[in-house]
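Working notes for the structure below.
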Amino acid sequence: MTAMTAEIPGRRRTFRRPLLLAKDYAVLILLVAVTVFLSFASPAFFTSDNLLNILNQNAPLAIIAAAGTFVIVSGNFDLSTASVFAVASVSAAWLANETGSVALALCAAPVLGLVLGAVNGLVVTALRIHSFLATLASSLVYSAIAVLITGGALITVTTEGFTELGRGEFLGVFLPVWVLAGVVALLWFLLSGTVFGRHVFATGGNAEAAELSGVRVDRVKILVFSLSGLAAGVAAAIAVSRIASGQPQAGAGMELQAIAAIILGGTSIHGGVGAVWRSVAGVFLIALIGNGFDILDFNPQLKDLVTGVIILAAVALAAVGRTRR
Amino acid sequence: MTAMTAEIPGRRRTFRRPLLLAKDYAVLILLVAVTVFLSFASPAFFTSDNLLNILNQNAPLAIIAAAGTFVIVSGNFDLSTASVFAVASVSAAWLANETGSVALALCAAPVLGLVLGAVNGLVVTALRIHSFLATLASSLVYSAIAVLITGGALITVTTEGFTELGRGEFLGVFLPVWVLAGVVALLWFLLSGTVFGRHVFATGGNAEAAELSGVRVDRVKILVFSLSGLAAGVAAAIAVSRIASGQPQAGAGMELQAIAAIILGGTSIHGGVGAVWRSVAGVFLIALIGNGFDILDFNPQLKDLVTGVIILAAVALAAVGRTRR
Amino acid sequence: NASGSGGDGSVEGGAYKVAVLAASAQNGYNQAVYDGVVEGAKDLGLEVDAKILDGGFDATTQLSQLQTAATSGEYDGVIVVPHDGPSLTAGFPMADDLPVVTVLNPIGPDIDAMEPQVEGVVSTVAVPPTAAAERQAEDVVEHCADQEGPCKVMLLVGNLSSPLDVARRDAYQSVLEREDGIEIVSTLEGNYDRDQSLSTVANAVQSHRDVDVILSNADQMTLGAEVALTNAGIDPSSVYLTGGGGTTEALQAVREGRWAADYVNFPVSMGAAAMEQLANALGDKPVEPHVDADTVGPEGVEPYADADTLAGVEDFTGEWNG
Amino acid sequence: MERIVNAPAQGSGPVPRPVVELRGVSKWFGGTHALDDVSLTLLPGEVHALVGENGAGKSTLGKIIAGVYQRDGGVLAVDGEETGRWDPARAGRRGIAMIAQELALVPELTVEQNVFLGRERALAGVLRRGGTEDAFGRICDLAGFRLPPHRRVRELGIADQQKVEIMRSLARDARVVVMDEPTSSLTAHETEQLHRLIATLRDQGRTVVYVSHFLDAVLRVADRISVMRDGGLVRTGHARDETKTSLIEGMLGRSLAVTFPERTGPVDASLEPVLDVAHLATDHGVVDASLSVRPGEIVGLIGLVGSRRSEIARAIYGADRVTGGTVTFRGTEHRRPRPWRSIEAGLAMVPEDRHGQGLVLERPIRENIALTHASRFATAGVISRRRERAAVNELAERLALRPARTELETSGFSGGNQQKALIGKALLGDPAFVILDEPTRGVDIGAKYAIHELIVALARQGVGVLLISSEHEEIMGLAHRAYLVRDGRTVAEVVPERTTVDRILTALFEADQHQGAPL
Ligand SMILES: Nc1ncnc2c1ncn2[C@@H]1O[C@H](COP(=O)(O)OP(=O)(O)OP(=O)(O)O)[C@@H](O)[C@H]1O
Ligand SMILES: Nc1ncnc2c1ncn2[C@@H]1O[C@H](COP(=O)(O)OP(=O)(O)OP(=O)(O)O)[C@@H](O)[C@H]1O
Ligand SMILES: [Mg+2]
Ligand SMILES: [Mg+2]
């Protein structure tokens, strides 16, 4: 920056580090801010019990959001995760009761999720339609299937050991937290360190350029939707095992919660830019707000208001670093 | 937003006529097909009573979808329409009870909608964030406001004449149908016949190019969100007058129904392409399916399944005309 | 008595701290239960600090809240209005064994079993949904018995992907289908929403203008159905309309003869009853494991109400509106 | 050097008041100082050329004048009046328009709608149906070329899109038009037309800012030339005082001989062709294309804009669906070609539209260069960043990528440097055959020379090259053989060494005259 240039008031003259950090790490900054605030506000907050609880409770959503990152980065939308979750839940519950085999039932959920996700991918690529509409339609179909499997009723699982996955512990930490950690580590690596991940970014950034660069864009899309379905299935296995019952409404609204968390994390809705850790951070930022409201004596009718304002704050923080050119 | 998002745009395409029709008018073709089917399936279907009844019921949603077309064509999303609808509903109900003035109460709804919509537009343009996240956040804030207005309870309106707008008739046709017709005609013309409409297309097609051409992209966005909010307010006025009560959950889910109908109609989710009539056709295609289920006494648990399959059919029909590159 | 089984709160503040886990804090019914808890505490002469938590009609959220309430050490007891009773099972046994009273729905795998199903739930203030629905349907049977020719019934139930409502529909069907003269002409989903019920009934009426009975499990839906009938040019009082909930508007409609009957709930009294049982548990007094919610209402108010039963209790206008 | 039109009498008489004046303007992008204290005046009735290496800051300067970018410091004055807030709409109202280097059109709108965007003919906001044809016709006349007004822009090739940009700036009736490399996709004939148009505008008293890497053309059309280097202004001088050599010296800070590198010797005619195309046809305008390329041979495609050279390339590469004919690659038939199959077989293509078809702008340049061959640096799908970075950095050095920071986001690179990355991307996989569609589009004179050398070096290594270029000299100077293309057919084969551009063009034009106008 030379000294002689006239200054235009209010305009950034030079590049400042902290702003860039704000732009890239808005979600982390807010996550830390909320954590610090809650730690001071309530002694019950910063206890390992409470923190592990938060992790445990939100493991299914975080798993779905982590895999959903691939979908969004590839420039697509998956609005069917909640329905896939429902189908996987009721199927697992039904199988557990029918066969009495816990392993079979709990493995069936991810497998079914994978299959339904792959179907999404096939529909999107074969019909060449935008995934928003395709998965909206498939979500209707899937949730109807979930209703038909159960007849709308509740399937209560009494099979011995069925709740082990959802409620068990290992080294004092709930199993779902371990699963979450494993899934996130794996997906993080898959997106940022592998050829497949590279192709996902390229597909979302510029599908035509990707195709011309030899990326098999259709295959990438199918894989990405399969992954999202698989994750919904894993999440369903955890959740169904935790509550020991399957019902078709399970997971309702999760698809939008996951997308909101992904974008809140900083992954671009236009595709091409994003990271798995961001989505996980997004999930837990929203979860912390909810936890704070439960722990502190706030009027719960304000929870949505505060969540909305904090989302806007995250976004505004990210925008500060991005001045107009 | 720009041309290079998700799908690979086929370069120069050559088309065959009938397929071209299928591609462009898939939603109309299905609308006709479903109408014909239902006319044969039930004598109660193709009666002026029933058809007017369908128009009447879906007038609020159709109004929201018609205005939402502008948002989608401009390359944006409005996920806050349902919350704007809720705020406008409860405010109108509250005002009617407080002031006893029906006119004031019912005019307040559109005005409030306009204001909340404009706020959306300002947030989107000032923070330069994607409207998906911005309106998701604002929808949380707005629905919290709706809850705070009512304290979470229901407001029953007993004011004389309050239900006139929602239940009244003119020339044997329900007033909401007249309102719908007027709004659709106006918006159709606004999008296809005015400079503003042209700029909406340009903004969605390539915001950068539009900006370079001197289109005030930010102003277009603010207007587009204001319009969407205004429509949600008008829809709320109709709905609240019809049921004579306001409650904060009113309209829940409407935002996604509207977007689904818009895209089902054939408006591109990437922006730059679309029409008001398409969205209205999309609304009524879905509405016909629901009407058919109620009239024919089909198991309502299958409604979602059939709706999903018909959406996929519409989309597949449109895809037939679109050959691979 | 305040130091009964006490968590930290009671020792320090001398007051019980109670978490009220609402299925949604933004819902009139849940709000009424909460009001009942507060009133009930007052009637018992207890100092109670009751905090309402918003489940947002979301099973996961509510489960989180339950677990947070258990681990935070903030509360002495919990009163729940489960959004989804079966999924709350996962919260039990609770980390700190707080006494839990559930209102409206049981916690546990069986939605019709009122005795506590999981360890930690001390009392259930509810009516089995199937039993209530059967009772509503029996009133319809009685009405139809007086009628000549086939009796055409429309079922208007909340949401057929919810096990609770499916159980209700099944109960309606099993009772009504036993009778020869009764024909169920349509089964509709009203989603606890006036506007949606209005639409769906308006549609169905197009092909069944001669409907005799609309049997609904929620007042909001019946209110929508009523508008639909009026719009279609049918006098609502010529149809046997019945709802569920006992809202102010519903009771008024029954009294005015627009509706034939209503199944009345007493959310405020249920909240008070729940508080009473919780206080018993905290005070090491005997606890009733099942409080029949039909019996908790004010003196003389019959839960399965019609104009006749309401005639005797003029000043009962319902415990909530929503 | 012969000028098209005589420059207006400058130097004699009072100096006219500048329309636009920049004083000490600077611009930062993150850590990059894109413009450093630049002062410049634009006079009415002049053609003011900007020249400089890739990344010198020409586009940035143009965009600041047109309001696309905000300056970080300095003064911008229009008609002697300092501007405060400045954006394209305000600039437009003050009579300033821009043709962007990277095409900025609305693909879903028609040609006519794009041309009049922001300037719609309307009454109280309601579009007027009639009258637009006349206005459109007038602009076509002025511009000297015609386009179908109701065709969607997305259906146009890149050259026609560039024409739309030109027409759009005309529709603005601007006093100042910034043209950022307006001819990079145009053929000689159209470039000539544009130059005549520029002269007309100048003679009407308008100002044209002309950014170009074609120094001969710059010297012919410009009145004054500003030379830029590394974000700074080296000098502004009268065109008559400059020569190609002086400009190059100013731009690079050193001299450089600009000729075509020595062609490799003729290729043994008995060699098996590496690529053999027979009667190729697609849905996208290729009717009957036959050609062959031997290892080490550079073969050109010569045609007018719209002759479907790019479509032939795409068909061979598998980007468009082939409906007839055969592609034989290294002796085996390339069935159902798809880009990934081509790449696996050892074929590479540099597409003509670097933004639409070439690069993922929001990713780092490293990922872009490595995209096609990421698996080369991977074991079991896991990429070794170290190996990847080493390979990419080496290529970046060979191509003189500026800035030489391969971790930066691609969108932050100047047009010419993005083009270099695109070429690097094709070369990373050591292909046996490359298709180069406008490989030097928008690169500076030094880089162009480097790319030419690279092409020749490839041929020396035995790689077959299919070269498409709107700069016919490029093909004449580099190719061993060339095919003439018209309407999706290969119509004749020529040996550039034995003919001239003029003769070829005459042949192509005459053929076109017989067919009637291409519209
Ligand atoms: N949007 C941007 N973000 C970051 N850096 C940028 C951006 N635009 C330009 N730059 C940087 O500014 C410098 C000047 O770029 P500019 O595009 O003006 O060059 P140019 O002279 O037009 O080059 P070319 O001849 O290649 O088009 C370059 O170093 C470039 O990397
Ligand atoms: N399928 C088609 N239908 C109609 N017009 C077409 C079609 N394909 C190409 N065109 C027209 O011809 C032009 C094609 O130019 P194209 O890019 O194919 O040719 P080119 O010889 O490669 O020229 P360029 O120098 O532009 O690359 C387009 O601008 C378009 O107007
Ligand atoms: Mg440039
Ligand atoms: Mg070309």
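Remember, it's a predicted structure, so these values are computed and weren't measured experimentally. Labels below follow one simple rule: chain letters A, B, ... track the order of the sequence lines, proteins then strands, and each chain is numbered from 1.
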So, taking the atom named CG in B:Leu154 and the one named CD in C:Gln31, what distance separates them when rounded to the nearest 0.5 Å? 13.0 Å

Heavy-atom closest pair (B:Ile295 atom, C:His208 atom, distance to 0.1 Å) is O-NE2, 4.3 Å

Looking at B:Glu160, I'd like to know if its CD atom is crowded, meaning that more than 12 non-hydrogen atoms belonging to other residues, nucleotides or ligands lie closer than 6.0 Å. no

What's the spacing between B:Leu296 CG and C:Ser207 OG if we round to 0.5 Å? 7.0 Å

If you count the non-hydrogen atoms of other residues, nucleotides and ligands that lie under 6.0 Å from CG in C:Asp235, is the total more than 12? yes

If I measure from the heavy atoms of chain C, does B:Ser143 come under 4.5 Å with its side chain, its backbone, both, or neither? neither

Heavy-atom contact with chain C under 4.5 Å, split by part of B:Asp49: both

Between C:Ala32, C:Gly28, C:Ser199, who has the most heavy-atom pairs with chain B when the cutoff is under 4.5 Å? C:Ser199

pair C:Asn203-B:Phe293: side-chain heavy atoms closer than 4.5 Å: no

As an exercise, state the distance from OG1 of B:Thr47 to CD of C:Gln206, rounded to the nearest 0.5 Å. 5.5 Å

Interface check, chain C: of B:Asp304, B:Asp294, B:Ile243, B:Asn299, most non-hydrogen pairs under 4.5 Å belong to B:Asp294

Sub-4.5 Å side-chain heavy-atom contact between C:Arg169 and B:Gln301: yes

Heavy-atom distance under 4.5 Å to chain B: side chain of C:Val166, backbone, both or neither? side chain

Would you please say whether a donor-acceptor pair under 3.5 Å links the side chains of C:Thr230 and B:Arg167? no

Backbone of B:Asp297 reached by a side-chain donor or acceptor of C:Ser186 within 3.5 Å: no

Nearest 0.5 Å, what's the CG-NZ distance between C:Leu188 and B:Lys303? 8.0 Å

Assert top hit (heavy-atom pairs under 4.5 Å, partner chain C, pool B:Ser245, B:Gly290, B:Pro248, B:Ala239) equals B:Ser245

Please classify the contact between C:Ile184 and chain B as side chain, backbone, both or neither, with a heavy-atom cut-off of under 4.5 Å. backbone

Check: C:Asn321 and B:Gln247 side chains under 4.5 Å, non-hydrogen atoms: no

With side chains defined as the heavy atoms from C-beta onward, is the minimum distance between C:Phe57 and B:Gln249 less than 4.5 Å? yes

Does any heavy atom of chain B fall under 4.5 Å from the side chain of C:Asp193, the backbone, both, or neither of them? side chain

Which one wins on heavy-atom pair count under 4.5 Å against chain B: C:Val205, C:Thr187, C:Thr248? C:Thr187

Turns out that what part of B:Phe174 lies under 4.5 Å from chain C's heavy atoms comes down to side chain

